[in-house]
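In what follows, chains carry the letters A, B, and so on, assigned in the order in which the sequence lines appear, proteins first and then strands, with residues in each chain numbered from 1.
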Amino acid sequence: MSQNTPDKDDQSSTNKKAISLPISRVRLIMKSSPDVSCINQDALFLTTKATELFVQHLAVASFNNGPGKETNSLCYTDLANAAEETETFHFLTDILPKKIFARDYLQSLEQMQENDNDDDPDF
Amino acid sequence: MAERPEDLNLPNAVITRIIKEALPDGVNVSKEARRAISQAASVFVLYATSCANNFAMKAKRKTLNAADVLAAMEEMEFERFLEPLREALEVYKKGQKGKKEVSEQKRKDKEKKTDSENDKSREEEEEEEEEEERMEEEPEAENDGEEEEVEN
């Protein structure tokens, strides 16, 4: 198995690893948050582990929520739907927006402009 | 320190593996979905960190600790994570303790080794000195032999 992230924690067996995600990368993301000065080693471990659990949870919830069971697939729309419909995933709605057709977007844009024109009598 | 955008992403290979292991066998996960989950995971880290940091600041601490992270999970309504997280932390702590003991033992063994090596090297030096003395005697004996033959 190639090791492309040497900072990963090495556990004895490959099947029962405590964590797979690289702790150093998680630390980098945490440090980018404002007002965060020091992070305890245990806190770092927990955050990494929690992220793994989150990835599993998001994948499974999106899959079960969507038509994936028939199609045996997971696609972006399933995730966007899960973000909107499940409360615990609401914080993801900004980065998992629902996709709309370009023509629908342009239509709604035109409508918005018409509304602005109606409001402004001078225009 | 300049942060490139890719540095705040988690490695795709590992994310893909976690997804595959969580879903039933043979489910096809689109590239777009994988990328989206990876980005969602990064956002999750930021959200959890910010939340945990609030708890630390409330307690007037500058260092984020394990309790802060667990409290953040509850705040974010991910109580389902609490039990597996606590278990994993116990195993991790034991592992850390074990590693510490192993490295301490290694250090002790090293100290013992260097002590015994010092004794050994002293013995070797004494042996070498004896050998040098013996070697000096031999060439003299040979020279005497040759001179005799030449004369005859």
Applying a heavy-atom distance below 4.5 Å, give me the residues of residues 104-113 of chain B that approach chain A, sorted by number.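 Within residues 104-113 of chain B, no residue comes under 4.5 Å of chain A, counting heavy atoms only.
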Part of residues 64-75 of chain B lying next to chain A, heavy-atom separation under 4.5 Å: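 When heavy atoms of chain A are the reference, residues 64-75 of chain B contributes L64(B), N65(B), A66(B), V69(B), L70(B), M73(B) within the under-4.5 Å range.
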Are [Y] and [X] connected in a single hydrophobic cluster, I mean Ile/Leu/Val/Met/Phe/Trp/Tyr linked by side-chain heavy atoms less than 4.5 Å apart?
X	Y	answer
I95(A)	V45(B)	yes
L89(B)	L44(A)	yes
Y105(A)	M112(A)	yes
M57(B)	V36(A)	no

Under 4.5 Å from any heavy atom of chain A, what part of [X] do you find: side chain, backbone, both or neither?
X	answer
F44(B)	both
Y47(B)	side chain
V27(B)	both
R80(B)	side chain
K93(B)	side chain

Taking all non-hydrogen atoms of both residues, which atom of [X] and which atom of [Y] are closest, and how far apart?
X	Y	result
L58(A)	A40(B)	CD2-CB, 3.7 Å
V55(A)	A41(B)	CG2-CB, 3.8 Å
A33(B)	C75(A)	CB-C, 3.8 Å
L23(B)	A59(A)	CD2-O, 3.7 Å
S32(A)	L46(B)	OG-CD2, 3.6 Å

Relative to chain B, which segment of [X] carries a heavy atom at a distance below 4.5 Å: side chain, backbone, both, or neither?
X	answer
L46(A)	both
F63(A)	side chain
L53(A)	both

Apply the test side-chain contact (heavy atoms from CB on, under 4.5 Å) to residues T63(B) and I39(A): give CA-CA distance (whole Å), side-chain angles for both, the deciding distance (0.1 Å), then the verdict. CA-CA 5 Å; T63(B) 307; I39(A) 306 162; 5.9 Å; no
Do [X] and [Y] have side chains that approach each other closer than 4.5 Å (heavy atoms only, starting at C-beta)?
X	Y	value
F81(B)	H57(A)	yes
K99(A)	E32(B)	yes
L74(A)	S30(B)	no
L10(B)	I29(A)	yes

Under a 4.5 Å cutoff for heavy-atom pairs, which residue among I15(B), V29(B), V91(B), I19(B) has the most contacts with chain A?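 Between I15(B), V29(B), V91(B), I19(B), the count favours V29(B).
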Would you call E52(A) and R17(B) a salt bridge, using N to O less than 4.0 angstrom?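 Salt bridge flag = no for R17(B) with E52(A).
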Backbone N/O of [Y] and side chain of [X]: donor-acceptor pair under 3.5 Å:
X	Y	result
N72(A)	G26(B)	yes
S37(A)	K62(B)	yes
R25(A)	L8(B)	no

Output the distance between atom OG1 (T88(A)) and atom CD (E79(B)), rounded to the nearest 0.5 Å.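 The OG1 atom of T88(A) sits 9.5 Å away from the CD atom of E79(B).
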Would you give the length of the straight line joining atom NZ of K49(A) to atom CG of L85(B), rounded to the nearest 0.5 angstrom?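 With rounding to 0.5 Å, NZ (K49(A)) is 8.0 Å from CG (L85(B)).
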Parallel, tilted or perpendicular for F78(B) and F91(A), by the 30°/60° rule?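 If you compare the ring of F78(B) with that of F91(A), the planes turn out perpendicular.
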I'd like to know whether R35(B) forms a side-chain contact (heavy atoms from CB on, under 4.5 Å) with Y76(A), so could you lay out the CA-CA distance, the side-chain angles of the two residues, the decisive distance to 0.1 Å, and finally the verdict. CA-CA 9 Å; R35(B) 189 161 47 100; Y76(A) 175 84; over 6 Å; no
